[in-house]
Amino acid sequence: MFELPNEWQNTVLDALETPSMRALAAFLETERALGKTVYPSRDQYFEALRLTPPDTVKVVILGQDPYHGAGQAHGLAFSVQPDVGVPPSLKNIYKEMASDLGISQPNHGHLDAWAKVGVLLLNTALSVEAGKAGSHQGMGWEAFTDAVVEAVAARIKPTVFMLWGSHAQKKGAKIDRNKHLVLKAPHPSPLSAYRGFFGCGHFSKANAFLEASGQGAINWQLPAIGEFAF
């Protein structure tokens, strides 16, 4: 069965201990037993939750499912391992961030620094078969990640939800707009970024909201890592 980070035990443990999640766990073990490669590794399914405990969440960015290429996924939405090339959607996120905040674009796609300062980088599905995008959607992850979003939204603490694309926007449909800041834009993929993601100003809007609510702005500037080319 799955091992939930301790800090989230009181928040979403019930959502993890359901028949559908037990079936999902059995499915994943069967897939691996059949010789299929599943990303990320077992110990990174809940990496986003491990790096961003519930009491530290300031911003939630929702993705769909992990990258399905070798060495990419490590449990954070939109993020890749530090020695892997920056994916196209993340490049567009960096472009918008640089335009919005006037900060430099990093030379890598590793977003753990965001996670450690309160940005919950949560995918809807937390696993995928190698080479098959979306292959584990509808297998049971969605109910669990819905519970995570609902738990964050149920808190008194005002939170920013960045919902990029129709998939993320559907998942955030029940968020109380009177309490939280819900920012919507097209997905940052090359197919849709020019339809309104570029110029959305979400990073500065998020920081203005957080400062107004007394929480302090997010430092979106990622540190450089090694010599990996952007």
Side-chain angles (χ1 to χ4, degrees), residues 39-41 44-45 47-52 57-128 130-134 137 145 160-169 171-172 183-207 218-230:
Y39 298 128
S41 59
Q44 292 182 320
Y45 289 152
E47 187 72 355
L49 302 183
R50 186 184 71 80
L51 291 178
T52 316
V57 177
K58 293 182 177 182
V59 177
V60 178
I61 297 178
L62 296 176
Q64 293 189 24
D65 59 348
Y67 295 115
H68 55 84
Q72 291 182 302
H74 66 109
L76 303 182
F78 293 105
S79 181
V80 292
Q81 302 280 13
D83 56 348
V84 175
V86 181
S89 291
L90 185 53
K91 285 185 178 181
N92 286 339
I93 292 171
Y94 286 168
K95 289 177 183 177
E96 172 56 24
M97 179 184 71
S99 174
D100 186 19
L101 300 177
I103 60 180
S104 60
Q105 298 184 41
N107 64 345
H108 60 88
H110 197 56
L111 305 181
D112 66 333
W114 286 358
K116 292 176 181 177
V117 295
V119 182
L120 180 60
L121 297 161
L122 184 69
N123 278 316
T124 296
L126 303 184
S127 64
V128 68
K132 296 184 178 181
Q137 291 180 8
T145 51
V160 180
F161 291 83
M162 294 184 178
L163 307 181
W164 299 333
S166 59
H167 190 88
Q169 288 163 20
K171 200 169 186 68
L183 300 172
K184 296 182 179 181
H187 194 276
S189 78
L191 296 176
S192 56
Y194 288 94
R195 299 173 186 167
F197 177 78
F198 289 136
C200 68
H202 282 187
F203 298 97
S204 60
K205 290 174 182 176
N207 278 354
I218 295 289
N219 178 11
W220 295 101
Q221 180 69 72
L222 290 163
I225 297 178
E227 300 297 331
F228 308 117
F230 179 78

Kindly give the heavy-atom pair with the smallest separation between Ala98 and Gln105, and that separation in Å. CB-CG, 3.8 Å
Could you check whether any side-chain N or O of Ser192 sits under 3.5 Å from a backbone N or O of His187, counting only pairs where one atom can act as donor and the other as acceptor? yes
Give the intermediate values and the outcome of side-chain contact (heavy atoms from CB on, under 4.5 Å) for residues Val160 and Phe203. CA-CA 10 Å; Val160 180; Phe203 298 97; over 6 Å; no
Residues Leu126 and Pro40: closest non-hydrogen pair is O-CD, 3.4 Å
Heavy atoms of Ala185 and Gln169 approach each other most closely as O-NE2, 3.1 Å
Would you say Val80 and Val86 make side-chain contact, with heavy atoms under 4.5 Å? no
N/O donor-acceptor pair under 3.5 Å between Asp65 side chain and Val128 backbone: no
Do the side chains of Ser166 and Pro186 get nearer than 4.5 Å, heavy atoms only? no
Mind checking what makes side-chain contact (heavy atoms from CB on, under 4.5 Å) contact with Lys132, not counting sequence neighbours? Glu129, Ser135
Verdict with reasoning, Leu163 to Leu62, per side-chain contact (heavy atoms from CB on, under 4.5 Å): CA-CA 6 Å; Leu163 307 181; Leu62 296 176; 3.5 Å; yes
pair Ile93-Phe197: side-chain heavy atoms closer than 4.5 Å: yes
Asn123 vs Leu76, side-chain contact (heavy atoms from CB on, under 4.5 Å): CA-CA, chis, key distance, verdict: CA-CA 7 Å; Asn123 278 316; Leu76 303 182; over 6 Å; no
To the closest 0.5 Å, what do you measure between CD (Glu47) and OG1 (Thr52)? 9.0 Å
Between Glu96 and Asn92, is there a side-chain heavy-atom distance shorter than 4.5 Å? no
Name the residue from Ser104, Pro106, Ser99 that meets the side-chain contact (heavy atoms from CB on, under 4.5 Å) definition with Tyr94. Pro106
Would you say Trp114 and Asn219 make side-chain contact, with heavy atoms under 4.5 Å? no
Keeping Lys91 on the side-chain end and Pro190 on the backbone end, is there a donor-acceptor pair under 3.5 Å? no
Report yes if the side chains of Met162 and Val60 come closer than 4.5 Å at any heavy-atom pair, otherwise no. no
Quick one: does Asn207's side chain have a donor or acceptor within less than 3.5 Å of a partner on Ile218's backbone? yes
Nearest-0.5 Å distance that lies between atom CG in Leu90 and atom CE in Met97: 8.5 Å
Would you check if Val119 and Val57 make a side-chain contact, meaning some heavy-atom pair closer than 4.5 Å? no
Under the side chain to side chain donor-acceptor pair (under 3.5 Å) test, which residues partner Lys171, sequence neighbours left out? Thr145, Asp146
Taking the ring centre of each residue, are Phe78 and His110 less than 6.0 Å apart? no
Nearest non-hydrogen partners of Pro87 and Gln72, listed with the distance: CG-NE2, 4.5 Å
Indicate yes or no for a side-chain donor-acceptor contact from His74 to the backbone of Tyr39 under 3.5 Å, with no hydrogens or angles considered. no
Closest contact, heavy atoms only, Tyr67 versus Ser79: CE1-O, 3.2 Å
Check whether the side chains of Thr124 and Gln137 place a donor and an acceptor atom closer than 3.5 Å, and report yes or no. no
Give a yes or no on whether the backbone of Ser89 and the side-chain of Ser189 come within a donor-acceptor separation of less than 3.5 Å. no
Interatomic distance, Leu51 atom CG to Leu120 atom CG [nearest 0.5 angstrom]: 10.0 Å
